[in-house]
Amino acid sequence: MNNIKYKRIMLKLSGEALSGKNGYGIDFEVVKTISKEIKELVDIGVEIGAVVGGGNIWRGRNGEDMDRTTADYMGMLATCINALALQDSLEQLGVNTRVQTAIEMKEIAEPFIRRRAMRHLEKGRVVIFAAGTGNPYFSTDTTAALRAAEIEADVILLAKKVDGVYDKDPHKYSDAKKFEKLSYIDVLDRGLQVMDSTATSLCMDNNIPILVFGLDSPENIKKAVTGEKIGTIVSKE
């Protein structure tokens with residue numbers, strides 16, 4: 001655990017990851033397990049920013065005839081619920097955290113201020129970025145890429161339900177091929193479902209590597225940070 005490959009990370013957790021096997025809502029045992037892994041990283045000096053999705057509570061319009069902007073704002077509020085749950089779980093373990101939101105809600109969180117976020121990270125606090133970018137039409141993937149660039153993160157750790165990037169859905173096709181390495185251009189040209197194209201392009205423009213791995217074992221977060229061979233790395237090369 002002494003070999004830290006990435007000193008400052010952006011951890012992107014899907015909302016679904018927090019729901020566990022329930023598929024909806026928050027499984028607090030899952031959140032606690034993830035929090036324990038984050039604490040171990042904090043204890044060895046890793047600086048952690050985190051973005052949590054909101055799909056376990058609200059996912060788009062779900063086929064309803066709803067205005068896209070309204071639906072997106074509802075999704076942003078869902079990420080705030082998840083952020084507070086993660087914050088509470090971390091603080092129960094003695095980890096200092098701050099939630100910063102792109103939509104002002106001063107009673108429960110700080111507004112996003114880059115310099116303040118950087119200072120929190122330097123002091124060993126976990127910073128959880130909520131409410132997306134504060135704008136509709138942008139995903140939490142894009143939020144993770146944007147905040148990673150702003151805090152000068154070494155990598156984006158993209159924790160998913162699959163253990164890497166495949167050429168097709170491994171849940172549907174037994175012959176799906178897993179990639180160990182990909183370039184940003186490969187991801188964009190092939191239309192691979194890593195992050196949305198806006199997020200991938202932002203990472204490419206700022207040369208931020210993306211490590212995609214499965215969250216089936218929370219220990220994978222530690223393995224990723226310490227440089228163990230895991231998942232799929234998306235980078236310039």
Participant: Taking C-beta and beyond as the side chain, do Arg147 and Gln100 meet within less than 4.5 Å on heavy atoms?
Facilitator: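 When only atoms from C-beta onward are counted, Gln100 and Arg147 do not touch, as no gap falls below 4.5 Å.
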
Participant: Roughly how far, to the nearest 0.5 Å, is the CZ atom of Arg125 from the CG atom of Leu90?
Facilitator: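 Output value for this atom pair is 14.0 Å.
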
Participant: Taking all atoms of both residues into account, what is the closest heavy-atom pair of Gly164 and Tyr166, and its distance?
Facilitator: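 That closest heavy-atom pairing would be O-CD1, 3.8 Å.
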
Participant: Say you draw a straight line from CG of Leu13 to OG1 of Thr79; how long is it, rounded to the nearest 0.5 Å?
Facilitator: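 Spacing of CG (Leu13) from OG1 (Thr79) equals 12.5 Å.
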
Participant: Between Glu152 and Arg114, does any side-chain N to carboxylate O distance fall below 4.0 Å?
Facilitator: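 Salt bridge flag = yes for Arg114 with Glu152.
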
Participant: Any chance you could measure Lys236, atom NZ, to Cys203, atom SG, to the nearest 0.5 Å?
Facilitator: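 Atom-to-atom, Lys236:NZ and Cys203:SG are 13.5 Å apart.
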
Participant: State, to 0.1 Å, how close Gly134 and Ala102 come at their nearest heavy-atom pair, and which atoms those are.
Facilitator: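 Minimum heavy-atom contact is N-CB, 3.4 Å.
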
Participant: Once you round to the nearest 0.5 Å, how far does CG of Asp88 lie from NZ of Lys32?
Facilitator: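 NZ of Lys32 is found 10.5 Å from CG of Asp88.
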
Participant: Could you tell me if the side chain of Leu77 sits less than 4.5 Å from the side chain of Met105, heavy atoms only?
Facilitator: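 SC-SC contact between Met105 and Leu77 confirmed.
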
Participant: Is the shortest heavy-atom distance from the side chain of Leu18 to the side chain of Ile34 under 4.5 Å?
Facilitator: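 In contact.
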
Participant: So Met76 and Pro136, do their side chains get closer than 4.5 Å, heavy atoms only?
Facilitator: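 They are in side-chain contact.
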
Participant: What are the two closest non-hydrogen atoms of Val126 and Val42, and how far apart are they?
Facilitator: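 Closest approach of Val126 to Val42, heavy atoms only: CG2-CG2, 3.6 Å.
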
Participant: Under 3.5 Å, side chain of Ser89 to main-chain N/O of Ala85, donor-acceptor pair present?
Facilitator: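 Absent.
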
Participant: Looking at Tyr184, I'd like to know if its OH atom is crowded, meaning that more than 12 non-hydrogen atoms belonging to other residues, nucleotides or ligands lie closer than 6.0 Å.
Facilitator: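 Atom OH in Tyr184 is packed in, count exceeds 12.
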
Participant: Considering all heavy atoms of both residues, which atom of Val52 and which atom of Thr140 are nearest to each other, and what is their separation?
Facilitator: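 The pair with the smallest heavy-atom distance is O-CG2, 4.1 Å.
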
Participant: Is Met10 linked to Val212 within one hydrophobic cluster, defined over Ile, Leu, Val, Met, Phe, Trp and Tyr using a side-chain heavy-atom separation of less than 4.5 Å?
Facilitator: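 Met10 clusters together with Val212.
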
Participant: Between Arg8 and Glu122, is any pair of side-chain heavy atoms under 4.5 Å apart?
Facilitator: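 A side-chain contact under 4.5 Å exists here.
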
Participant: Any link between Ile151 and Ile221 through a network of hydrophobic side chains (Ile, Leu, Val, Met, Phe, Trp, Tyr) touching at under 4.5 Å?
Facilitator: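 No; Ile221 is not reachable from Ile151 via cluster members.
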
Participant: Taking all non-hydrogen atoms of both residues into account, name the closest pair between Ala117 and Phe112 and its distance.
Facilitator: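 Residues Ala117 and Phe112, closest heavy atoms: CB-CE1, 4.3 Å.
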
Participant: Is there side-chain contact between His171 and Val162, with at least one heavy-atom pair below 4.5 Å?
Facilitator: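 Touching, per the 4.5 Å side-chain cut-off.
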
Participant: Would a single hydrophobic cluster contain both Val187 and Leu146, if residues Ile, Leu, Val, Met, Phe, Trp and Tyr are joined by side-chain heavy-atom contacts under 4.5 Å?
Facilitator: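 No, separate clusters.
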
Participant: Does Gly124 offer a backbone N or O that forms a donor-acceptor pair with the side chain of Asn96 under 3.5 Å?
Facilitator: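 No.
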
Participant: A side-chain contact here means heavy atoms from C-beta on lying under 4.5 Å apart; do Asp186 and Phe179 qualify?
Facilitator: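 Heavy-atom side-chain distance check fails, nothing below 4.5 Å.
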
Participant: Is it true that Ser19 and Asn22 share a donor-acceptor pair across their side chains at a distance under 3.5 Å?
Facilitator: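 Per modelled atom types, Asn22 and Ser19 side chains form no pair under 3.5 Å.
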
Participant: Rounded to the nearest 0.5 Å, how far apart are NZ of Lys223 and OG of Ser217?
Facilitator: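 So the gap between those two atoms works out to 5.5 Å.
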
Participant: Does this structure show an ion pair linking Lys178 with Asp163, if we count only N-O contacts that are shorter than 4.0 Å?
Facilitator: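 Looking at Lys178 and Asp163, the cut-off is met.
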
Participant: Measure across Phe129 and Gly49 and return the closest heavy-atom pair with its distance rounded to 0.1 Å.
Facilitator: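 Nearest heavy atoms, Phe129 then Gly49: CE1-CA, 4.1 Å.
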
Participant: Is there a path of hydrophobic side-chain contacts, each under 4.5 Å between heavy atoms, that joins Met195 and Ile230?
Facilitator: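 They do not share one cluster, since no chain of ILVMFWY contacts under 4.5 Å joins Met195 to Ile230.
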
Participant: Report yes if the side chains of Ile9 and Asp154 come closer than 4.5 Å at any heavy-atom pair, otherwise no.
Facilitator: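 Result no, sub-4.5 Å side-chain heavy-atom pair not found.
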
Participant: Measure the spacing between CD1 of Ile48 and CD1 of Ile38 and express it to the nearest 0.5 Å.
Facilitator: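 The distance works out to 5.5 Å.
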
Participant: Hey, any chance Leu158 and Leu86 share a hydrophobic cluster, counting ILVMFWY side chains that come within less than 4.5 Å of each other, even indirectly?
Facilitator: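 Shared cluster, no.
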
